[in-house]
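Scope of the values below: all heavy atoms of this structure, side chains included, with no hydrogens, waters or symmetry mates. In this chain, numbering begins with 1 at the start of the sequence shown. Everything quoted here is computed from the prediction, not taken from an experiment. Every number for a ligand or one of its atoms is a count from 1 in the order of the listing.
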Amino acid sequence: MPRIVAHLDMDAFFAAIEERDNPVLRGLPLVVGADPKQGQGRGVVSTANYKAREYGIHSALPISRAWRLSEAARKRGLPAVAFLRVDMQKYARVSHRIMEIVRRFAPHIEQASIDEAYLDLSFTGSYEQAEALCHRIKEAVRTEEGLTASIGIGPNKLIAKIASGVMKPDGLTVVREDEAEEFLAPLPVRAIPGIGPKTEEWLAKRDIRLVKDLRRYPLEELREMFGKRGIDLYEKARGLDESPIEECYEPKSIGEQETFERDTLDPKILGDRLKAMCQNVAARLAEEGHVRYRTVVLTVRFADFETVSRSHTLRAPTDSAKVLELEALKLLLPFLDTRENPKNKLIRLLGVRVEKLDRSSGGESVRTLL
Ligand code: TTP
Ligand code: MG
């Protein structure tokens, strides 16, 4: 029996939920993210619906830029973008229900983020049967949740994941094992999960832009440059991926960050905000079923956008909110004086996250994770 894997990814997830819940917004360009404050806002776009993407707006874009792109479109006679705040609890609830729908059709699934899952469809026995099943899953998500999903089907997680992205939104793409190499060949190397901007740049310097260019690169050289990851790249360029579908979705880290209204070096403001963030993180650990952490990571972004992270690993895991506050504060203090901040730069953003998570108590599978 061939191995058949599907990857489901919801379309413009947060924005699609808001459009569904606010009928007046339907058909309009929509952004979910920080408050744009007439262009003065300082956070980022979480997601944009497809109409807003036509204006050049996408996830992680500064919200002020999204605002300016909306204004520019408006001046051209196009509709202005509707800006909505993030309602994470609502999206987590919808995510949970979607995963339940998927589980009715495929018993063995791996939730890979708030809006995506891998499904082991080997049991269907053929690509035709797998495709028919995926049509039914899409239909159930549409009728029960009023949302569209895109699905890719392939011989492994790598191909399924890339395939789910090529026909978005509302797509269903099947790539059989013998079509995988041909399917990958014309794609930019960036399409391969694990190739980020740095690797892309390194490869571009060597004139490697498409997957088929990468395929010409000798294994030895990739290994020399990237170590074990080089072998991984070599295999991925050929559509090979053995990684299993892992039922239990465990976030690797849980964190919060905040961009301040004004850049500041005021210890009271920074301390208070950091404490509030630590409490939120601790609350999310509790929500996930008393997950414990060992490592605390503090991220500081200065006014000039220089961004630095510092971490501390505890000797033993804990779920204590107080320990988190204390450790985060200890990591922050050097940034308030010459130790980590010799030029006395103001701070624009603080983030805190916990890593090396451990669920000794067992319990239900974990949901969200941004
Ligand atoms: P994605 O699946 O990456 O994006 P999407 O579902 O909005 O759009 P697409 O149709 O291209 O899949 O992420 C899922 C959700 O996660 C997204 O709706 C919002 C959130 N998110 C962020 O908050 N910040 C980010 O930088 C990204 C990429 C996603
Ligand atoms: Mg998505």
- Query: Would R53 count as a contact of ligand 1 if the rule is a heavy atom under 4.0 Å away?
  - Reply: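 It does; at least one heavy atom falls under 4.0 Å.
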- Task: Answer yes or no for Y50: is there a heavy-atom contact with ligand 1 below 4.0 Å?
- Result: yes
- Item | Option set G165, S150, S59, A60, criterion heavy-atom distance to atom 28 (C) of ligand 1, minimum |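 That would be S59.
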For ligand 1, which atoms sit closer than 4.0 Å to a heavy atom of [X]?
X: T47; value: 5 (P), 7 (O), 17 (C), 18 (O), 19 (C)
X: M10; value: 6 (O), 9 (P), 10 (O), 12 (O)
X: F13; value: 5 (P), 6 (O), 7 (O), 18 (O)

- With respect to the Mg ion (ligand 2), what is the nearest N, O or S atom of D115?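 Going by distance to the Mg ion (ligand 2), the closest N, O or S atom in D115 is OD2.
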- Message: Looking only at N, O or S atoms in D9, which is nearest to the Mg ion (ligand 2)?
- Response: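 Relative to the Mg ion (ligand 2), the closest nitrogen, oxygen or sulfur of D9 carries the name OD1.
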- Task: May I ask you to decide if the ring planes of F302 and F335 are parallel, tilted or perpendicular, using 30° and 60° as cut-offs?
- Result: tilted
- Message: Below 30° counts as parallel, above 60° as perpendicular, anything between as tilted: where do the rings of H7 and Y118 land?
- Response: tilted
- Query: Are a donor atom and an acceptor atom from the side chains of D11 and S150 found within less than 3.5 Å of each other?
  - Reply: yes
- So, for L329 and G271, which heavy atoms are closest and what is the spacing to 0.1 Å? CD1-CA, 4.4 Å
- Query: Got a salt bridge between E201 and K198, using NZ or NE/NH1/NH2 to carboxylate O under 4.0 Å?
  - Reply: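 Looking at K198 together with E201, the answer is no, because their closest N to O distance does not fall below 4.0 Å.
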- Is the shortest distance from a Lys or Arg side-chain nitrogen in E177 or R3 to a carboxylate oxygen in the other one below 4.0 Å?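 Answer for the salt bridge query: no.
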- Item | Under 2.8 Å: N/O/S of S150 next to the Mg ion (ligand 2) | no
Do [X] and ligand 1 have an N or O pair less than 3.5 Å apart?
X: V45; value: no
X: F14; value: yes
X: A12; value: yes

- Can you tell me how far CZ of R20 sits from CD of E145, rounded to the nearest 0.5 angstrom? 5.0 Å
- Message: At under 4.0 Å between heavy atoms, is it the side chain or the backbone of K168 that contacts ligand 1, or both, or neither?
- Response: side chain
- Task: Evaluate the criterion side chain to side chain donor-acceptor pair (under 3.5 Å) for residue pair T295 and S311; output intermediate values, then yes/no.
- Result: CA-CA 7 Å; T295 299; S311 67; over 6 Å; no
- Task: Report yes or no: is the cationic atom of R53 (NZ for Lys, CZ for Arg) closer than 6.0 Å to the six-membered ring centre of Y55, at no more than 45° off its axis?
- Result: no
